[in-house]
Amino acid sequence: MLRMPLIPLLLALLAIALPARAQQNAFDLVGPDLKLSVTRGDATLPIGAVPSLLPGDKLTAEAVLPPDQSARYLLIIAFLRGATNPPPKDWFFVAETWHKKKNRLEIEVPKGAEQAVLLLAPDTGGGFDAVRDTVRGRPGVFVRAAQDMFQASLDRARLDAFVAAIARIGESAPERLATDAPVLANALRIKLNAECLTRPRGLQAACLTQNRDSLVLQAQRGTTLAETLTGAPVDLAYSLAATPQGGGGFYSPYIGLARDVAKLFGAFRSPQYQYLPAIAIGRGDTLKLLLNSAPSFQNPRSVLVAPLPPLGAASPPIWQAGGPTPVCLAKPGLTLPLEDAPLLYATDFGRNMSVRVTGTDGKSRDLAVTPDVEKGGVRLDGGLPADIGTVANAVLQGRWGFDGFSGPRLPVQLDAMGAWRATPDSNVVVGRDHPLLLHGGAAFCVSQIALSDASGTRTPVPFKVTGQDELTMTLPLKDVKPGSLTLNVVRFGTAPPDTIPLTARLEASRLDRFVVHEGDQGGMLEGARLDQVTGLDWKGLHFAAGALSRGSKGDRLAMTAESAIPAGDGEAVVRLRDGRSVKLAVRSAGPRPLATVLSRAAVSQQAKEGLAITLPDGVLPADTAIDFSLRVTRGTLGDSGVVEITGSDGRVAQLHLGDGGLQRIGKDVVVAHFAPRALFGPGVAGPLRFRLVQDGAVGDWQPLVAVARLPVLSGLTCPAEGTHCTLAGRDLFVVAAVSGSADFAQATQVPLGFVGSSLSLPKPAGKSLYLRLHDAPDSIASVTLPG
């Protein structure tokens with residue numbers, strides 16, 4: 001008595017719950033599996049390794065159903081030829097999955113076919129004819145379905161690869177998630193929630209993979225993955241349906257395409273059948289179907305519609321090397337980074353991959369590689385051949401489905417023994433630290449450098465890579481005796497180190513000249529072994545020794561006086577550490593030009609997007625032109641004078657009165673105009689300095705302005721309830737931190753190298769946000785929020 005009333009209630013609740021789940025379009029219902037293989041010529045590949053089909057390909061297909069399968073399915077493969085051109089009846093092939101002798105299809109892709117679709121229809125007697133008539137009656141619907149669902153299947157494969165990798169790392173090494181998750185997200189084009197990486201390690205993996213339907217990003221700019229695979233544009237039906245006017249709307253990849261097809265099928269049914277879209281994930285020879293709503297076995301029964309690979313010649317993958325910086329082939333655990341290669345990691349399309357390296361001897365060798373999504377590239381399998389020698393070129397190659405591909409060219413290095421040489425020669429000076437340059441070898445293959453003296457004592461030597469074949473270092477020779485030295489250059493791998501013999505000599509002190517300018521409080525002493533100088537006296541002024549610098553032409557020692565240097569000439573007395581003194585003739589030159597900045601302003605070159613960003617004084621946007629005015633306070637700036645500007649990389653640009661870069665206002669004021677990116681390139685950022693140059697007299701470098709790259713902030717979305725908001729925009733990687741208060745008490749740190757399009761941050765108390773930019777870390781920019 002009590003149980004009967006519960007049945008209608010449970011049915012009602014089920015009816016409410018099922019549509020709600022269907023609206024999620026999550027494609028989490030596991031459908032049937034199918035076994036498929038494709039034969040082209042003499043080669044047969046499993047379906048998971050086939051990015052596209054061609055007329056004449058032979059397909060073998062059968063459903064993999066459990067032994068106790070009670071519902072009988074017809075397995076139908078249909079070939080299509082356009083939205084407005086119904087396919088002929090003989091382009092439909094059917095297998096009876098429950099019949100042992102009729103459950104397998106062996107068919108050939110017909111000439112003229114443009115799309116292929118797979119259908120599983122419950123057998124109702126005449127079901128094949130009904131499905132065939134439906135497809136032929138509305139071919140555009142199934143053309144659209146084949147394209148969209150194949151696209152969605154590839155996007156789902158990327159999502160599955162990301163989720164699997166996060167789970168694998170989270171279980172085995174959760175401490176790696178903070179560094180590996182951004183690499184995974186970039187490799188697979190997955191949206192990364194940076195806030196997840198600030199949570200405790202045990203919660204990071206679950207946070208990174210929640211809300212899966214919104215994680216997939218577009219993989220290529222302006223094209224679908226189906227276009228990328230086949231090289232052919234989508235047809236008219238697809239193009240029209242994808243526009244807002246055609247009802248497609250602006251959907252994101254994966255779930256948007258699938259939702260659109262689901263709506264299309266939802267309004268398209270017959271009394272006997274309704275059609276449900278399914279995405280198909282190829283793994284080996286198995287095609288796994290995933291559904292977004294439960295099928296019905298009552299009228300109208302559900303026909304599952306799944307995509308097969310598109311028809312057309314497969315375009316070779318267009319990948320890019322992961323950056324211009326070379327990597328050493330002998331480095332342990334080497335991974336060669338790639339960009340724009342999500343399908344390489346998410347599918348089995350790429351196979352038999354290798355890197356063809358060509359030596360300077362002209363010989364080529366193929367080194368097997370394996371895709372490694374956690375490193376964002378291809379991993380070298382095994383070791384290097386012992387006779388590989390110096391590598392001059394490396395190209396990734398392999399097969400993409402049935403077809404071979406070659407490219408991209410990868411920046412790699414490998415050298416042979418004896419490649420390094422000291423520049424300009426092997427003579428070094430003891431009694432001080434000695435700068436040394438090495439040239440000729442593979443700079444990125446050097447793992448360590450050590451200096452050995454005659455007794456065999458080894459001293460590690462820090463070094464910097466300053467070019468692909470150049471190393472810069474400073475040898476610690478202050479306490480070393482003259483004689484023979486050996487520099488040991490150790491390389492990655494099993495190659496023996498290079499040994500470079502050096503000759504250590506003493507250098508006598510030499511005083512060339514003392515350069516001083518009237519009005520300065522210091523000068524520059526030039527010569528050799530100036531580390532022995534303790535001071536200098538001239539015209540009643542005492543100069544103390546300051547910073548010592550060494551170059552190819554000798555030493556330069558800065559000398560500082562207690563007051564301004566007068567005009568005139570005379571004899572100076574240079575005092576040395578050993579108590580000796582040396583006389584040197586000195587004459588002061590004219591005053592060096594000096595100026596102060598009166599004002600500076602940014603001149604916008606293009607309309608600004610997004611929310612307005614207010615920068616503090618002394619910081620200007622990098623993408624604008626800059627006007628500034630100077631007042632010459634010492635010396636003069638005549639018609640031949642120059643204003644030099646330099647950035648953090650040391651490059652120097654000049655502004656002249658003759659070409660309009662400078663304009664004179666009155667006797668001692670000039671106005672300058674320049675565009676930082678035009679002078680220093682698109683990567684210019686950070687502080688800029690200026691100095692005046694007049695008739696060979698060079699002024700001191702003075703701060704001018706800091707230029708900073710700015711993000712484009714499209715808006716801040718805050719739900720009515722909750723404590724966090726979403727800040728959307730692009731180029732967010734230039735931001736170091738975001739805060740709702742100027743004191744940055746509760747700042748949200750942006751991970752270094754962040755490439756996402758949104759950030760989650762605490763809801764601000766006021767109507768402003770505050771940014772700390774990487775290019776101007778000591779300054780705070782503000783954003784006024786609308787409303």
Inset, instruction - Give a yes or no on this: more than 12 heavy atoms of other residues, nucleotides or ligands lie within 6.0 Å of atom CD of Gln702. - result: yes
Inset, instruction - Test Glu374 against Arg176 for salt bridge (Lys or Arg N to Asp or Glu O under 4.0 Å), laying out the working first. - result: CA-CA 10 Å; Glu374 294 181 19; Arg176 288 172 37 208; 2.6 Å; yes
Inset, instruction - Start with the C-alpha distance between Asp180 and Arg168, add both sets of side-chain angles, then the distance that settles salt bridge (Lys or Arg N to Asp or Glu O under 4.0 Å), and finish with yes or no. - result: CA-CA 11 Å; Asp180 288 6; Arg168 183 170 58 251; over 6 Å; no
Legend entry - Basic-acidic side-chain contact under 4.0 Å: Arg156, Asp28: yes
Inset, instruction - Could you tell me whether the side chain of Tyr345 and the main chain of Phe162 form a donor-acceptor pair under 3.5 Å? - result: no
Legend entry - Leu688 CG to Phe680 CZ distance, which is reported to the nearest 0.5 Å: 6.0 Å
Legend entry - Under 3.5 Å: donor-acceptor pair, side chain of Lys763, backbone of Gly722: yes
Legend entry - Arg189 CZ to Asp155 CG distance, which is reported to the nearest 0.5 Å: 11.0 Å
Legend entry - Check: Arg158 side chain, Leu188 main-chain N or O, donor-acceptor pair, under 3.5 Å: yes
Inset, instruction - To the nearest 0.5 Å, tell me how far Ser629 OG sits from His673 NE2. - result: 14.0 Å
Inset, instruction - Would you indicate whether Lys767, at its atom NZ, is surrounded by more than 12 heavy atoms from other residues, nucleotides or ligands within a distance under 6.0 Å? - result: no
Inset, instruction - Mind checking the CZ-CG spacing from Phe690 to Leu704? Nearest 0.5 Å is all I need. - result: 6.5 Å
Legend entry - Nearest non-hydrogen partners of Leu615 and Ala781, listed with the distance: CD2-CB, 3.7 Å
Legend entry - Gln746, CD atom: more than 12 neighbouring heavy atoms under 6.0 Å: no
Inset, instruction - For the residue pair Thr472 and Thr466, confirm or rule out a side-chain donor-acceptor distance under 3.5 Å. - result: yes
Legend entry - Contact list for residues 744-760, test salt bridge (Lys or Arg N to Asp or Glu O under 4.0 Å), sequence neighbours left out: none
Legend entry - Phe744 six-ring face occupied by Arg772 cation (under 6.0 Å, within 45°): yes
Legend entry - Heavy-atom donor-acceptor pair, Thr646 side chain to Arg689 backbone, under 3.5 Å: no
Inset, instruction - Please identify each residue that fulfils salt bridge (charged side-chain N to carboxylate O under 4.0 Å, His left out) with Arg199, with sequence neighbours left out. - result: none
Legend entry - Results of side chain to side chain donor-acceptor pair (under 3.5 Å) for His774 - residues two or more places apart only: none
Legend entry - Approximate separation, where rounding is to 0.5 Å, of Ser758 OG and Asn193 CG: 7.5 Å
Legend entry - Flag, side chain of Gln663 to backbone of Leu657, donor-acceptor distance under 3.5 Å: no
Inset, instruction - Hey, could you give me the NZ/CG distance between Lys375 and Leu336, rounded to the nearest 0.5 Å? - result: 11.5 Å
Inset, instruction - Go through the side-chain N and O atoms of Ser782 and Ser768 and say whether any donor and acceptor fall under 3.5 Å apart. - result: no
